[in-house]
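First up is the structure itself, then whatever we jot down about it.
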Amino acid sequence: MTAPLRTVPTSPLGERTADWFRAEARDLPWRRPDTTPWGVLVSEFMLQQTPVARVEPVWERWMAEWPVPSALAAASRPEVLRAWGKLGYPRRAARLHEAAAAIAAQHGDRVPSDVEELEALPGIGSYTARAVVAFGYGRRAPVVDTNVRRVVARAVHGAGDAGPARVKADLADVDALLPRDDSAAAVVSAALMELGAVICVARNPRCGACPVHADCAWIAAGRPEYTGPRRPVQGFAGTDRQVRGKLLDVLRAAEAPVPKAALDVVWSDGPQRDRCLDSLLVDGLAEQTADGHFALGGTTPGTTD
DNA sequence: AAGACGTGGCC
DNA sequence: TGGCCAAGTCT
């Protein structure tokens, strides 16, 4: 091999993180070499705002039951919601169900490998689209999630934490860390996320074990504390979110449609309860049967025309 | 463009 | 104990 005429711009940060990742990456089921892009897509839906440990068992069962998009598309909405279990944010399950139907019907049962096509699917935004391109197809794509934003904020910018998203600038920051080569870039993308997930964590980062501590702008600056604006922590107790959760919990456990009285017992505030039940109907997570009972369900993809 | 949207574990 | 946090998306 001849040496390149011009030095390829490389990032020590990206390369060292990738080396560390190749040696230390967690053995997660969706990282197995035989995982399909569909398996990656399912994992990304489940991992949105949800810890790895809770996702693992659900992902295993899900992929055994629905190994291809068309299989999920053929399932009923109640089946899908029960399989989702208590992962949280059940609208994700509904959107994954709808995305599967679209992939089966419009993409020949093959998960798109193009960012724009992916983002056109329900429940898939900037992060998930690029994660599928990188981890499902081994292609170069800047993957920006909360972990990566924190790593970049610290290691590159020397700040204590990331602050509010700056979508374009964040993408550019990460893009600058990726090598040109597709598969090498995909490894760096996974590696940056892993670093943020296990080493460069939000509280008590493990800088002593960090593969890039020598290149870290935050350490160089003396690990200054983050002073910028914090996203307000969302309350939960007493919110519609909690009530919806309780309602759905009853419907998930029920083998047959339940009378409204079975739902009334989970929350004493009547108006709030009714509002939440209605929102579940609107979201396609619950449905009312002809005899006025309630059940898991709602719009099933493919049944409308 | 803030705020809604579940659930549970950790310190 | 209770705030904080966990691979976001949508409106």
Side-chain angles (χ1 to χ4, degrees), chain A residues 21 25-26 28-31 35 39-59 81 84-96 98-99 118-136 141-152 161-162 164-167 170-171 174 186 189-205 226 229-252 266-267 272 275-276 279-280 282-286:
Chain A
F21 179 78
R26 288 169 296 173
L28 304 177
W30 44 87
R31 285 180 178 164
T35 303
V40 171
L41 179 60
V42 170
S43 77
E44 296 303 340
F45 262 90
M46 293 181 174
L47 287 163
Q48 291 168 6
Q49 301 285 281
T50 307
V52 165
R54 287 229 298 283
V55 167
E56 280 186 334
V58 181
W59 185 87
L81 293 175
W84 191 261
K86 306 201 74 172
L87 240 28
Y89 292 140
R91 290 194 296 192
R92 290 181 294 165
R95 288 172 181 152
L96 177 53
E98 290 162 13
L118 285 161
E119 284 185 338
L121 266 10
I124 300 185
S126 173
Y127 162 77
T128 300
R130 289 171 176 79
V132 168
V133 171
F135 312 143
V143 175
V144 179
D145 76 330
T146 185
N147 290 310
V148 173
R149 294 199 333 105
R150 185 171 54 249
V151 168
V152 169
D161 212 334
R166 297 144 43 246
V167 180
D170 291 342
L171 278 172
V174 175
S189 289
L192 291 171
M193 289 184 58
E194 185 82 347
L195 190 69
V198 309
I199 301 285
C200 196
V201 293
R203 286 173 297 190
N204 308 119
Y226 176 75
R230 293 269 178 197
R231 167 180 281 228
V233 176
Q234 300 200 1
F236 181 63
T239 62
D240 285 6
R241 231 156 64 256
Q242 181 182 23
V243 180
R244 285 165 54 103
K246 286 178 176 294
L247 259 16
L248 217 49
D249 208 27
V250 171
L251 299 181
R252 262 195 307 263
V266 306
W267 198 254
Q272 184 180 24
R275 165 161 43 90
C276 289
S279 76
L280 290 174
V282 169
D283 287 345
L285 300 176

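Note on naming: letters A, B, ... go to the chains in the order of the sequence lines (proteins, then strands), and numbering restarts at 1 for each one. Both backbone and side-chain heavy atoms feed into the values below; hydrogens, waters and symmetry mates do not.
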Original post:
Who pairs with A:Trp267 by ring-ring contact (aromatic ring centres under 6.0 Å, His included), at least two apart in sequence or on another chain?
Top reply: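 For A:Trp267 there are no ring-ring contact (aromatic ring centres under 6.0 Å, His included) partners, ignoring immediate neighbours.
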Original post:
Could you give all pairs that pass the side-chain hydrogen bond (donor to acceptor under 3.5 Å, both in side chains) test and reach residues 189-198 of chain A, with sequence neighbours left out?
Top reply: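 Output for this query lists A:Arg26-A:Glu194, A:Arg31-A:Glu194.
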How would you label the contact of [X] with the nucleic acid (heavy atoms, under 4.0 Å): base, sugar-phosphate, or nothing?
X	value
A:Arg54	base
A:Val52	base
A:Trp84	nothing
A:Arg149	nothing
A:Ser43	nothing
A:Arg275	nothing
A:Leu285	nothing
A:Ala131	nothing

For [N] and [M], measure between their [atom1] atoms and round to the nearest Å.
N	M	atom1	value
C:dT11	B:dG6	P	14 Å
C:dA7	B:dC5	P	22 Å
B:dA1	C:dA6	P	25 Å

**OP:** Check each residue of residues 237-249 of chain A for a non-hydrogen atom within less than 4.0 Å of any atom in DNA chain C, then write out the ones that pass by number, or none.
**Re:**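 Correct list: empty, so none.
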Taking atom [atom2] of [N] as reference, at what distance in whole Å does atom [atom1] of [X] sit?
X	N	atom1	atom2	answer
A:Leu280	B:dC5	CG	P	10 Å
A:Leu87	B:dT7	CG	C1'	9 Å
A:Gln48	B:dT7	CD	C1'	15 Å
A:Arg92	B:dT7	CZ	C1'	9 Å
A:Arg231	B:dA4	CZ	P	11 Å
A:Phe236	B:dG9	CZ	C1'	14 Å

With sequence neighbours excluded, what pairs up with [X] under the salt bridge (charged side-chain N to carboxylate O under 4.0 Å, His left out) test?
X	value
A:Arg150	none
A:Asp161	A:Arg230
A:Arg231	none
A:Lys246	none

**OP:** Sequence neighbours left out, what pairs pass salt bridge (charged side-chain N to carboxylate O under 4.0 Å, His left out) with at least one residue falling in residues 42-57 of chain A?
**Re:** none
Original post:
B:dC5 base to A:Gln49 side chain: any donor-acceptor pair below 3.5 Å?
Top reply: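 Flag unset: no donor-acceptor pair detected.
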**OP:** Give a yes or no on whether a donor-acceptor pair under 3.5 Å exists between the nucleobase atoms of B:dG6, that is its base, and the side chain of A:Thr50.
**Re:** yes
Subject >> Nucleotide range of DNA chain C lying under 4.0 Å from chain A heavy atoms >> reply: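 Nucleotide range with atoms under 4.0 Å of chain A: C:dG3 to C:dC10.
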For [Y], is there any backbone N or O sitting under 3.5 Å from a side-chain donor or acceptor partner on [X]?
X	Y	answer
A:Gln272	A:Gly238	yes
A:Thr50	A:Leu47	no
A:Arg92	A:Met46	yes

**OP:** For A:Arg91 and for A:Asn204, find the nucleotide of DNA chain B with the closest heavy atom, then tell me which residue's nucleotide is more 5'.
**Re:**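 Closer to the 5' end of DNA chain B: A:Arg91.
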Subject >> Smallest separation among heavy atoms of A:Pro164 and A:Tyr226, with atom names >> reply: CD-OH, 4.1 Å
**OP:** Hey, which sits more toward the 5' end of DNA chain C by its nearest nucleotide, A:Pro122 or A:Arg31?
**Re:** A:Arg31
Original post:
Between A:Val233 and A:Leu121, who's closer to the 5' end of DNA chain C by nearest nucleotide?
Top reply: A:Val233
